[in-house]
Amino acid sequence: GAVVSQHPSWVICKSGTSVKIECRSLDFQATTMFWYRQFPKQSLMLMATSNEGSKATYEQGVEKDKFLINHASLTLSTLTVTSAHPEDSSFYICSAGPFAGGPHEQYFGPGTRLTVT
Amino acid sequence: RKEVEQDPGPFNVPEGATVAFNCTYSNSASQSFFWYRQDCRKEPKLLMSVYSSGNEDGRFTAQLNRASQYISLLIRDSKLSDSATYLCVVNKISSGSARQLTFGSGTQLTVLP
């Protein structure tokens, strides 16, 4: 099946610093990847759609200058949380899928748990 | 109104029991429907897609009622390993892409020995 990896799996950083999270599709090419955020006991919320070679599309309420997305290749998208604050502490998950006109199944990376102190 | 609504549970059932989860969605133009399971502190994993004619995968049966905008998941002969949060997922129709998924808040299941 389709495999998506994420790195790092967890990170602790100080308030005001920036954190970069990588999402890779290991056995397929992904022109589109998705970034989600999940707070404790809540469901996944889509943050943005990452498009290879073009700008990301952000969901309403998500600050594009705070959450920088770069999708420079067909197998890698990065999410950078700039000037992180404690309220940014969350579980960040990326997803991608073979798509190709299929039923839009998506496969998720293992997630990155961010704690901002 | 939430785009995808689920009963949050928790459902606590004994091993071997049959348990059913329900889900409703608000966008009648939605095209694709899924059930994912998410274990604690892990990523969601696709359990099964849901088709209009209903579909079964071993102990799991999914049903879709487009007229009522209702999706269900039935788990028979539940196992301890079925304990997880079950997410009802619908594809989101938005400008530019039909591939975005909208997640329900999940239904927590605990199967007791």
Side-chain angles (χ1 to χ4, degrees), chain A residues 1-7 9-10 21 23 30-52 54-60 62 71 89-115, chain B residues 2-10 21 23-25 27 29-53 55 57 62 64 71 84-108 110:
Chain A
V3 179
V4 177
S5 71
Q6 259 183 265
H7 178 80
S9 54
W10 60 270
I21 303 170
C23 176
T31 55
T32 304
M33 293 183 173
F34 301 94
W35 286 97
Y36 296 85
R37 181 167 53 181
Q38 186 176 32
F39 292 107
K41 298 193 181 298
Q42 296 186 26
S43 192
L44 280 76
M45 294 299 294
L46 179 67
M47 297 176 66
T49 302
S50 173
N51 304 299
E52 187 268 336
S54 64
K55 291 182 179 180
T57 304
Y58 290 82
E59 294 300 296
Q60 194 172 13
V62 178
H71 194 152
S89 298
S90 188
F91 191 43
Y92 291 85
I93 313 176
C94 70
S95 74
F99 301 134
H104 308 157
E105 294 172 3
Q106 291 184 24
Y107 296 87
F108 289 82
T112 296
R113 198 161 298 278
L114 170 64
T115 301
Chain B
K2 290 182 181 178
E3 291 185 60
V4 180
E5 294 207 56
Q6 288 182 254
D7 181 344
F21 303 139
C23 168
T24 57
Y25 60 95
N27 190 335
S30 298
Q31 296 293 322
S32 304
F33 310 91
F34 310 94
W35 284 101
Y36 279 75
R37 71 170 276 168
Q38 185 175 24
D39 293 290
C40 188
R41 303 176 74 86
K42 299 283 189 180
E43 77 277 20
K45 291 187 186 294
L46 178 66
L47 180 66
M48 59 196 303
S49 300
V50 187
Y51 302 116
S52 297
S53 54
N55 49 301
D57 183 1
L64 168 64
I71 307 163
T85 296
Y86 289 83
L87 304 170
C88 177
V89 183
V90 175
N91 86 316
K92 176 179 178 182
I93 305 296
S94 64
S95 60
S97 173
R99 299 169 180 168
Q100 294 178 356
L101 300 180
T102 300
F103 287 79
S105 54
T107 299
Q108 186 180 341
T110 301

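Bear in mind the structure is a predicted one, so any value in this text is a computation, not a measurement. Below, chains carry the letters A, B, ... as their sequence lines are ordered, and counting in each starts from 1.
Judged as a salt bridge (charged side-chain N to carboxylate O under 4.0 Å, His left out), and not counting sequence neighbours, the contacts of B:Asp39 are B:Arg37. Taking A:Phe108 as the reference, A:Tyr36, B:Tyr36, B:Phe103 meet the ring-ring contact (aromatic ring centres under 6.0 Å, His included) condition, with sequence neighbours excluded.
B:Gln6 does not touch chain A: none of its heavy atoms, backbone or side chain, sits under 4.5 Å away. At a 4.5 Å heavy-atom cutoff, the contact between A:Leu44 and chain B is made by backbone and side-chain atoms alike.
Looking at heavy atoms from C-beta onward, B:Val4 lies out of side-chain contact with A:Ser43 at the 4.5 angstrom threshold.
Contacts with chain B were tallied for A:Gln42, A:Gln38, A:Met45, A:Lys41; A:Gln38 has the most, counting heavy-atom pairs under 4.5 Å. Listed options B:Arg41, B:Gln108, B:Gln38 were ranked by heavy-atom pairs under 4.5 angstrom with chain A; first place goes to B:Arg41.
To the nearest 0.5 Å, atom CG of residue B:Leu101 and atom CG of residue A:Leu46 are 8.5 Å apart.
Environment of CE in B:Met48: crowded, with over 12 heavy atoms of neighbouring residues, nucleotides or ligands closer than 6.0 Å.
If you check the side chains of B:Glu43 and A:Gln6, you find no donor sitting under 3.5 Å from an acceptor.
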